[in-house]
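Read through the structure below, which is laid out as structure tokens, and then see the notes.
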2 protein chains.
Amino acid sequence: MGHHQLDTLDEQILKLIAENARIPFLEVARACNVSGAAIHQRIQKLTNLGILKGSEFVIDPEKIGYETCAYIGIYLKDPESFDSVTQALQAIPEVVECHFTTGKYDMFIKIYARNNHHLLSVIHDKLQPLGLARTETLISFHEAIKRQMPIIVETEEEEL
Amino acid sequence: MGHHQLDTLDEQILKLIAENARIPFLEVARACNVSGAAIHQRIQKLTNLGILKGSEFVIDPEKIGYETCAYIGIYLKDPESFDSVTQALQAIPEVVECHFTTGKYDMFIKIYARNNHHLLSVIHDKLQPLGLARTETLISFHEAIKRQMPIIVETEEEEL
DNA sequence: CTTGAAAGCCGGTGGTA
DNA sequence: TACCACCGGCTTTCAAG
């Protein structure tokens, strides 16, 4: 599944809406020197292509009571059980990311918990029963950077 | 910096807008059985409290050419250089997260790169010069789960 | 991609409890 | 303080060109 070629207008639009999902489309239109309808059509196109997958409000985890963020490397007892474990992890709301990775771990997940005690209970009561051989936990004291990937459309290089 | 007490209306609003930043406030209002102005005011309150930190469109990294996602554990040469390294990492757009963690690493970051070659060049040309003693890279083949933390307001337990 | 127009929303004001 | 009703101006969305 390769990626699609985006033109300059797509790129401008993505840059503007990526960091502010509630920006009025007309404002985007003015910034891009096109009509509002054009923005509407492009955003629909980008959505249909699966490039835009939705929008989110960004919520400060600490401010709603999630004081502990942790990454956990998982060793499975049965390396065949990826899919069933992934499905089980889906049902644990504290798990916000789940990766299938190279290296020593079979899986690698990110968790938000209310505090260290809550984190321990998630690991002990919810994760271990899934058939894990062992886990390694990495607690984050502080998330210094949290942002989206850069939006840089690789254009065919033009000679100057 | 503890967290604020949210009531049921705040919680309902957060749940609705967290997963869809462009939902009309009036639709939220109808779902919550209050007026549109009430939603408007609550969202402003939540923003002022710092609970809402903005909004984002969710973009599929692969669809815009980022085929490699990796986590990197960093050992610093000089453990005092957190702040300057963090600042330097800010200037590297491929770095999307940066954590200060417990355990063996001094820092832990997440990176999006176009491909393995691009990832290597980021590590070699941009990260190593910052004064790192060593790095450990964990490449993600597949991100099976990617979502926000659960919004569960701890209410004072009410007897039934 | 544009214009144009209808439908509907946003964000403010003032009033009520 | 928190909610509601109301209104002007702007946005969104869908034609058609």
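Numbered from 1 within each chain, the chains take letters A, B, ... in sequence-line order. No hydrogens, no waters, no symmetry mates; every other heavy atom, side chains included, goes into these values.
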- Message: Per the ring-ring contact (aromatic ring centres under 6.0 Å, His included) rule, what does the pair list look like for residues 112-151 of chain A, sequence neighbours excluded?
- Response: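 Qualifying pairs, neighbours excluded: Phe141(A)-Phe100(B).
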
- Among residues two or more places apart or on two chains, list those pairs meeting ring-ring contact (aromatic ring centres under 6.0 Å, His included) that have a residue in residues 33-76 of chain B.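 Output for this query lists Tyr71(A)-Tyr71(B), His99(A)-Tyr71(B), Phe108(A)-Tyr71(B), Tyr71(B)-Phe108(B), Tyr75(B)-Tyr105(B).
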
Tabulate atom names and distances for all N/O pairs under 3.5 angstrom spanning the protein and nucleotides 8-13 of chain C.
from: dC10(C); atom 1: OP1; to: Arg22(A); atom 2: NH2; distance (Å): 3.0
from: dC10(C); atom 1: OP1; to: Phe25(B); atom 2: N; distance (Å): 3.3
from: dC10(C); atom 1: OP2; to: Phe25(B); atom 2: N; distance (Å): 3.0
from: dC10(C); atom 1: OP2; to: Leu26(B); atom 2: N; distance (Å): 3.4

- Please indicate whether Gln90(B) has more than 12 foreign heavy atoms, meaning atoms of other residues, nucleotides or ligands, lying under 6.0 Å from its CD. yes

- Message: Counting neighbours of CD on Gln87(B) that are heavy atoms of other residues, nucleotides or ligands and sit closer than 6.0 Å, is the number greater than 12?
- Response: no

- Go through DNA chain D in 5' to 3' direction and return only the first and the last nucleotide with some atom under 4.0 Å of chain B's heavy atoms. dA2(D) to dT12(D)

- Could I get the full list of side-chain contact (heavy atoms from CB on, under 4.5 Å) partners for Lys15(B), not counting sequence neighbours?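 With neighbours one apart ignored, the set is Glu11(B), Ile151(B).
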
- Message: To the nearest 10°, give me the bend of the helix from dC1(C)-dG17(D) to dA17(C)-dT1(D), comparing the axes of its five terminal pairs at either end.
- Response: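 Computed from the C1' atoms at both ends, the axes differ by 40°.
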
- Query: Does Thr101(A) have any side-chain hydrogen bond (donor to acceptor under 3.5 Å, both in side chains) partners at least two apart in sequence or in another chain, and if so, which?
  - Reply: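 In terms of side-chain hydrogen bond (donor to acceptor under 3.5 Å, both in side chains), with neighbours along the sequence ignored, Thr101(A) is linked to no residue.
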
- So, does Ser81(B) use its side chain to make a donor-acceptor pair with the main chain of Ser84(B) at under 3.5 Å? no

- Query: Between Thr102(B) and Ile139(A), is there a donor-acceptor pair closer than 3.5 Å when you use the side chain of the first and the backbone of the second?
  - Reply: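 Yes; judged by distance alone, with no hydrogens or angles, the pair exists.
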
- With a 4.0 Å cut-off on heavy atoms, is Leu9(B) in touch with a base, just the backbone sugar-phosphate, or nothing at all? sugar-phosphate

Run the salt bridge (charged side-chain N to carboxylate O under 4.0 Å, His left out) test against [X] and tell me which residues pass, sequence neighbours left out.
X	answer
Lys110(A)	Glu143(A), Glu97(B)
Arg147(B)	none
Asp60(B)	Lys63(B)

- Query: Under the salt bridge (charged side-chain N to carboxylate O under 4.0 Å, His left out) rule, what pairs show up with a residue in residues 79-92 of chain A, not counting sequence neighbours?
  - Reply: none

- Near DNA chain D, which residues from residues 49-57 of chain B have a heavy atom under 4.0 Å away?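 Result for residues 49-57 of chain B: none.
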
